[in-house]
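First the structure, in the form of C-alpha cells, and then the observations on it.
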Amino acid sequence: MGNVMKVEIDDLKQIRFFEKFSDEQLGTIALISSIREFRVKEMIFEQYDELSEVFVLLSGSLSLGISLPKEKRIHLGTIEEGQLFSWSAVFPPFISTAWVMAVTPARVIAIDAKKLNAEIERDCDFGFKTMSKIAQTISHRLSDTRFQLMNQLSL
C-alpha cells in the first residue's frame, strides 16, 4: 500500500458511479474515503477475504476473477475506471466473492464500508442512490461472469 491521499469532492465528480449525488452527499463520501495506489500485479484483495472497504477505480486497469481448487485462477473480467467493486463490504458476511489484481499501476478510492452503511441508514435519499448503483454493479458483474463462464466452458 503506497501513500494514502485525501479524497476531494472534485475527484468524486469525475466518477460515473457518483453522478446523481448532491455536493453535500459527495462531501460525506469524501470524508470517509482515501485514495490508494497499487503496483502492477499487486493483489487488492483475495477471494474469501473479509472486506472493510468499498472501492471505486480512479485510474488504471484491474482484473477480477475467481479461484478454483489447485491454485487455479479464472479471469472473469476487467474493472473499468469509474466502476465500483468489493460491494461485498456493504453486505453481511462482508466476505469477498472474487479476487481483484492490478493489471497496470492503479489508483482507487477506498470508502470505509461501516461508515458508508451508517450513512445509508441515516439518509434515505443517499441510501437509495447508493443501493441502486450497487445493484446495477452486481447485475452487470453477474452478466459478465455468465458470459466469461460460457466462454471458459466451451473451450
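- Residue pairs meeting the side-chain hydrogen bond (donor to acceptor under 3.5 Å, both in side chains) criterion with at least one partner in residues 102-119, sequence neighbours excluded, are Glu119-Arg122.
- Here CG of Asp11 is found 12.0 Å from CD1 of Ile29. Values are rounded to the nearest 0.5 Å.
- By the side chain to side chain donor-acceptor pair (under 3.5 Å) test, Asp23 is found to be paired with Lys13, residues two or more places apart in sequence or in another chain being considered.
- Ring geometry for Phe38 versus Phe55: interplanar angle over 60°, hence perpendicular rather than tilted (30 to 60°).
- A side chain to side chain contact (heavy atoms under 4.5 Å, CB included) with Ile15 is found for exactly one of Val56, Leu26, Leu57, namely Val56.
- Legend: residues meeting side chain to side chain donor-acceptor pair (under 3.5 Å) with Asp125, ordered by chain and number and at least two apart, are Gln25, Lys129.
- In this pair, Phe21 and Phe17 present their aromatic rings parallel. The plane angle is below 30°, not in the 30 to 60° band.
- With sequence neighbours left out, Arg16 forms a side chain to side chain contact (heavy atoms under 4.5 Å, CB included) with Glu19, Gln83.
- Under a 4.5 Å side-chain heavy-atom cut-off, the cluster of Ile, Leu, Val, Met, Phe, Trp and Tyr residues that includes Phe94 has no other member.
- Sorted by first and then second residue, the salt bridge (Lys or Arg N to Asp or Glu O under 4.0 Å) pairs involving residues 64-85 (not counting sequence neighbours) are Glu46-Arg73.
- To the nearest 0.5 angstrom, Gln14 atom CD is 9.5 Å from Ile109 atom CD1.
- When all heavy atoms of Ala102 and Leu62 are compared, the pair lying nearest together is CA-CD2, 3.6 Å.
- Glu42 places a side-chain N or O within donor-acceptor distance of the main-chain N or O of Arg39, the cut-off being under 3.5 Å.
- Here the side chain of Trp99 pairs a donor or acceptor atom with the backbone of Ile66 at under 3.5 angstrom.
- Counting only heavy atoms from C-beta outward, the side chains of Ile35 and Val108 never approach each other to under 4.5 Å.
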